[in-house]
Each structure stands twice: as C-alpha cells, then as structure tokens.
Amino acid sequence: MTTDQDYIRSIEDWRARRLANLKADGGWLNIIGRWSLEPGSVTVGSAEDNDVVLSAGPARVGTLTQDPDGGVTFTPANGSDPIRLKLDKKNPPRFSVGQLLLEVTTLNGQNALRVRDTQATERDNFPGIESFAIDPSWRIVADWIPLETPIQTTVDTVIGIPTEVTITHKAAFTRDGVRYELLPTHGTPQMPQFVLRDQTARDKTYPASRFLYGEDITADTIVLDFNKAINPPCAFTHHAVCPLPPAENVLPIRIEAGELKMPD
C-alpha cells in the first residue's frame, strides 16, 4: 500500500464486498434449516406431510436418498431424472428448486441437508457488521514456517462434531516485542484459514472465534491482516457448523481490529 489512506480505502472496499457476499443467494443470511441425513429416503418440501418440512418453497421439492455407504441421490418431485450428488467437504453440491437453494454438506462422513430461501426478506433488513476502526499496524507480514513434520490433529466444532485436519505450516509474528504463533487449520495452501480467539472475545468480538485468511504468501512470509478478521458463519445463523480454535490459536492479547460481535 502506498499510503495509509489507500489502505483504509482498500479495507472499506473489502468490507463492502464482504457484506454483499453475506447477503447473496449463497450467503449466510437466508438459511432456513439444516437436517442431518441417515441411510434411507426422506421427502422434502413445505407441505406438512414431508419428512423434512420447510418454512418456504414448493409443497413438494423431492426425495433425498442416502445409501449405506454415504452416497446421496436427489429425486426431484417434478418427475425429472434423479441426480447423484458429488459430495465434497470443501465444495458441497448445490442445486435449486424454485426459490430454494439446497446443498448437502459432509462433515466427518456425516451428511446434512442445508436449505436457503433466495426470496428471504431478512437479509434486506440486515443492519451490517460493526468493526473496530481500521488500524494499518494490524496488517502484519508474518513468518511462514513449514513444520518439520505435519501435524495431524482434531478440531472441535460448535455442535460437537470433531474434524480431523492436517497442519503443514505455522505463522509467527511479533507485536509489542512479543512473538506469537498461529496454526492454519482450514482453508487452502493459497489461502490458509486461521480460527482464532483473543482477549476481545470477553467483551467486543464473537465469543467462540473469528476467522482470518492469510494473504500474499511467499516461501517464507504470509500477510495476516487482522482488519479482515471476520465473524464465523455461526454468528449469523444457527444452521452453520463452525470450527473452534485450537489451543495454540487462543491468544493472550487484545486484537482490536476486524469485526465486532453482532448485537444480541
């Protein structure tokens, strides 16, 4: 960044994109439910005699069938050919029926149906997200250190479903003369995701965690821009499954940058 003012404008633009993504059809503000799937078939729709009763959309959406081996097929109620879903933990398959956007998520081998209502009006009334004042000093070029041996560890989630992750690097940075380290438990090699909690969780930020994505990665550095520390999806809906921070990512300092918790 050439000046602090340029940087501030870039964060303001980033915040506008962040809000637009939250309000988009595939965002986190229009989810109307999440239902675990078990082997067998369930009917889905807004009619009361369905196995999964939706608060919006057609009376008959279709049938989801989960095989004993965990595969899932969707058979539309309109008589169209069944769709064998290509399950993917990081990119859950999505399909539309009328105003509904449906997806089947997979977590530790457990599948679940999640449904969004693209005509939901709640997102139009969403007040936005309050944030700390933009502080350029919290854009930190950290050391990006490969681990001698990758770590295989278990990360818990807000609903108590543990997930297995592999960690190959750590980020290390110094603030006020003290060195801190963070482990990326999710994301991609190009955009590692850090699930973290700091002392602002006691009063200012979402208590469970915030997410931060690494940027501008080189062989030995990574940018940690804490002005882009965001609330996790579960801050906006009860129908999201969010990871909790590993013990190493619970920091004993106040990071007064990034998003604040939503009002009660």
Can you confirm whether [X] sits close enough to [Y] that some side-chain heavy atom of one is under 4.5 Å from a side-chain heavy atom of the other?
| X | Y | answer |
| --- | --- | --- |
| D143 | D220 | no |
| L251 | I253 | yes |
| V44 | L54 | yes |
| R210 | P245 | no |
| L19 | R15 | no |
| W35 | V115 | yes |
| T153 | I167 | yes |
| V195 | L212 | no |

Can a donor-acceptor pair be found between the side chains of [X] and [Y] at a distance below 3.5 Å?
| X | Y | answer |
| --- | --- | --- |
| E164 | T154 | yes |
| Y7 | N227 | yes |
| D51 | T43 | yes |

Query raised in the report: Does the separation of the ring centres of F74 and F95 fall below 6.0 angstrom?
Result: yes

Query - Centroid-centroid under 6.0 Å between W28 and F236 rings - result: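 Aromatic pair excluded; centres sit 6.0 Å or further apart.
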
Just how far is it from atom [atom1] of [X] to atom [atom2] of [Y], taken to the nearest 0.5 Å?
| X | Y | atom1 | atom2 | value |
| --- | --- | --- | --- | --- |
| L29 | E122 | CG | CD | 9.5 Å |
| I31 | T237 | CD1 | OG1 | 4.5 Å |
| T185 | I151 | OG1 | CD1 | 11.0 Å |
| N30 | D124 | CG | CG | 10.0 Å |
| H239 | L113 | NE2 | CG | 11.5 Å |
| T166 | L147 | OG1 | CG | 11.0 Å |

Do other residues, nucleotides or ligands put more than 12 heavy atoms under 6.0 Å from the [atom1] atom of [X]?
| X | atom1 | value |
| --- | --- | --- |
| E130 | CD | no |
| M262 | CE | yes |
| Q152 | CD | yes |

Is [Y] reachable from [X] through a run of I, L, V, M, F, W or Y residues, each pair having side-chain heavy atoms under 4.5 Å apart?
| X | Y | value |
| --- | --- | --- |
| L102 | L85 | yes |
| V97 | V52 | yes |
| V72 | V241 | no |
| L244 | V250 | no |
| I145 | I222 | no |

How close do [X] and [Y] get, heavy atom to heavy atom, and via which atoms?
| X | Y | answer |
| --- | --- | --- |
| L224 | A171 | CD1-CB, 4.0 Å |
| A229 | A257 | CB-O, 4.3 Å |
| D88 | P93 | N-CD, 4.1 Å |
| F211 | C242 | CZ-CB, 4.4 Å |
| Q193 | G187 | CB-N, 3.7 Å |
| L87 | G71 | CD1-CA, 4.5 Å |

Requested in this report: Run the numbers on Y180 and I255 for side chain to side chain contact (heavy atoms under 4.5 Å, CB included), then give the verdict.
Outcome: CA-CA 12 Å; Y180 303 98; I255 299 178; over 6 Å; no

salt_bridge([X], [Y]) N-O dist < 4.0 Å:
| X | Y | value |
| --- | --- | --- |
| R18 | E259 | yes |
| E215 | K228 | yes |
| R139 | D216 | yes |

Requested in this report: Only one of K89, R116, R34, K86 passes salt bridge (charged side-chain N to carboxylate O under 4.0 Å, His left out) with E103; say which it is.
Outcome: R116

So, the side chain of [X] versus the backbone of [Y]: is there a donor-acceptor pair under 3.5 Å, distance only?
| X | Y | result |
| --- | --- | --- |
| T218 | T221 | yes |
| N111 | L37 | no |
| T163 | V155 | yes |
| N50 | A47 | yes |
| R197 | A208 | yes |
| T106 | Q110 | no |
| D117 | L100 | no |
| D67 | D69 | no |

Report task. Could you check R114 against V104 for side chain to side chain contact (heavy atoms under 4.5 Å, CB included), going step by step and ending with a plain yes or no? Result -> CA-CA 6 Å; R114 191 155 57 197; V104 174; over 6 Å; no

Query raised in the report: Which is it for F173 and L182 under the side chain to side chain contact (heavy atoms under 4.5 Å, CB included) test, yes or no, and what are the steps along the way?
Result: CA-CA 9 Å; F173 66 96; L182 289 172; 4.1 Å; yes

Query - Summary of side-chain hydrogen bond (donor to acceptor under 3.5 Å, both in side chains) pairs that have at least one residue in residues 199-209, sequence neighbours excluded - result: D198-T200, Q199-R202, T200-T205, D203-R254

Query raised in the report: Using 30° and 60° as the class limits, which term best fits the ring planes of F226 and W138: parallel, tilted or perpendicular?
Result: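 Perpendicular.
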
What side-chain donor-acceptor pairs closer than 3.5 Å can you find for residues 56-65, not counting sequence neighbours?
from, atom 1, to, atom 2, distance (Å)
R60, NH1, D49, OD1, 2.6
R60, NH1, D49, OD2, 3.4
R60, NH2, D49, OD1, 3.2
R60, NH2, D49, OD2, 3.0
T65, OG1, S41, OG, 2.7

Requested in this report: Would you check, one step at a time, whether the test side chain to side chain contact (heavy atoms under 4.5 Å, CB included) holds for L101 with R94?
Outcome: CA-CA 7 Å; L101 179 60; R94 290 181 174 179; 4.1 Å; yes

**Report entry** For R123, salt bridge (Lys or Arg N to Asp or Glu O under 4.0 Å) partners two or more places apart
**Finding:** D25

